[in-house]
Each structure stands twice: as C-alpha cells, then as structure tokens.
K.L.:
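Attaching a single structure in structure tokens format; questions to follow.
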Amino acid sequence: MQNKKVSIHTLKQAKVEQRKLVMLTAYDYPFGLLADEAGADMVLVGDSLGMVVMGLEGTTAVTMETMLHHTQAVVRGCKTPLVVGDMPFMSYNISIPDAIRNAGRLLKEGGCDVVKLEGGVDFAPTVQAIVKAGIPVMGHIGLTPQTASALGGFKTQGRDLAGAKQILEDARALEDAGVFSMILEAVPAPLGKLVAESVSVPVIGIGAGDEVDGQVLVTHDLIGLFDKFVPKFVKQYTRIRPIILEAMNAYKQDVQEQAFPDREHSFSMPEETLEALKRSLDKPE
Ligand code: KIV
C-alpha cells in the first residue's frame, strides 16, 4: 500500500509530537526511489550534487538548469517524501523578482514540492516574498556552503557569543519570514538545542547535535560513495565504493579473459538459420 504523501502539516505535527524527522539527499531517479523506500520524510535535491556528483570543489558553480534536470529525475522516484529543491547560488541573491521566478521554476519545471535557500536575517525579505508568492520555503543557516569562503571555509559556526547570537537571530528571522522548516548546519550541539527550542518550525540538523527536530545527511557521504573528505558530522553507515570497485574489476577481468558474456548471458539462434545464413554468404544471389 502506498504511504500518504508527507506534507508541511505532517512535519510541523512531528515537532509537536517530538517525532524525529528523517531527511536524505538524492540527485537521480534510483536514489529518489531508495530514499522513498527507506521511508525518508523529506528528500533534498541538494546543490551538494556539485561536489558529490559533478566533481566540483564547491557548490557555487551549480546552475538552475542543473538543479532542474536532477530534480525532475528525483521527483519521479519519490512518491511519499516531501521533495525539497535547492536554490543554487545566485538564483535568489540578485533580486526578489528573480528569486520568485527561480523558485517557481523549481516547482513548475523541476516538479519538487518546496524550495530551500541559504541565509538568515539578510535573506528574510526574500523568503517572505517567495512564501507570499505561494511557494513554501525551507531555510538553511549555520554553515552555508554556498558562501563558505566568506565564512572562512567549511568551519563550525556559532562557537563564540556573537556568532551564536547571530544564528539564533537568523533562525527567528526565518521563522518570522514564514519558513516551514530550516536546516542548521555545523554548529555546537547545545546551540542546536537552543535554536530548536527557540522556533516553532522543525529544525533539521546536520552537525547540530541530536537535540534538534530531525537530521539530514548527504546520502553519498552516509553510504561511503563520496569519500574525498568526510566531515566530522558524517557517519558512514556503509562503504559502498569498494564494493562497486570490486564489481567493476571483476567485470574487467571477465571481459579480458573472455569469461563474459557466457552462454547464460548470450542470445542463441536456431542451428539451421545459422547454416542457411552462412550458405547465403558463400553464394550471394
Ligand atoms: O546541498 C545539500 O545537500 C545541503 C545539505 C548539506 C543540507 O544543503
């Protein structure tokens, strides 16, 4: 039986009932299907695909066209989870009309349910305008990868008093602007707890401790498919890369030794058809 599609209401209710929310990333149809089958509440088509799928150094070069392409594929696999389309760098930073247009494209052309964008107080007016246009928005504060270089690199945020206060202010500004939820990345666990207690919408942590309302991890990190670097907050639940590599090496060896394809993986032809074919080649009409 098909489960009921997760809604924003379901997520808000989960916070009230203190049920922890589960969010995964996906960038294509097979992983969308897997996240759906695993029972994720939300699936994020993250711009992290720039790093884990496209091999870029960061996320800033990811374009709207790339996000639309991957979002369409994920949506086909996700029946139950709420699908979150990530707004890439500069798709919402230039002007509010531009931000509304691009958020609308992610929903209309990408097919996702809601959008996510990075930024706190400074982006509250943008969030408010997108929400007013009828598009639900998820916030993303703490470490914001699109502007990581301005934050001094991929570093834990909110460790000093001023930084921690800023994150709390960001969270409140996003709530006031109308986000339905927010991601909080790479902050000390006690600050994660304080942020979750300070707002009424679900706070989804990634490196924000266990006392937030749910967790998200980049799927390619948690399955050990991307292991160029592994942030402290990532738990690798499996290491799939060596398993894939072993299969590829076995295939290579089979091909080189002519052990593949064998009879089981080849198509046969009636003997008499083959003989007739050979005769016709010897004596062309
Ligand atoms: O793009 C992404 O995958 C993200 C997660 C790190 C939350 O924003």
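Counting starts at 1 for both ligands and their atoms, following the listed order.
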K.L.:
What are the two closest non-hydrogen atoms of Gly134 and Pro136, and how far apart are they?
P.N.:
O-CD, 3.7 Å
K.L.:
In Å, rounded to the nearest 0.5 Å, how long is the span from NZ of Lys15 to NZ of Lys20?
P.N.:
9.0 Å
K.L.:
Does Tyr92 use its side chain to pair, donor to acceptor, with the backbone of Val127 at less than 3.5 Å?
P.N.:
no
K.L.:
Indicate whether any N or O donor in one side chain lies under 3.5 Å from an N or O acceptor in the other, for Asn249 and Gln253.
P.N.:
no
K.L.:
Indicate the atoms forming the closest heavy-atom contact of Pro81 with Asp36, along with that distance.
P.N.:
CD-OD2, 3.5 Å
K.L.:
Measure across Lys5 and Lys79 and return the closest heavy-atom pair with its distance rounded to 0.1 Å.
P.N.:
CD-O, 3.3 Å
K.L.:
Enumerate, one pair per line, all nitrogen or oxygen atoms of ligand 1 lying under 3.5 Å from a protein nitrogen or oxygen, stating the separation to 0.1 Å; write 'none' if no such pair exists.
P.N.:
residue: ligand 1; atom: 1 (O); partner: Asp47; partner atom: N; Å: 3.2
residue: ligand 1; atom: 1 (O); partner: Asp47; partner atom: OD1; Å: 3.0
residue: ligand 1; atom: 1 (O); partner: Ser48; partner atom: N; Å: 3.1
residue: ligand 1; atom: 1 (O); partner: Ser48; partner atom: OG; Å: 3.3
residue: ligand 1; atom: 1 (O); partner: Asp86; partner atom: OD2; Å: 3.2
residue: ligand 1; atom: 3 (O); partner: Ser48; partner atom: OG; Å: 2.5
residue: ligand 1; atom: 8 (O); partner: Lys116; partner atom: NZ; Å: 3.1

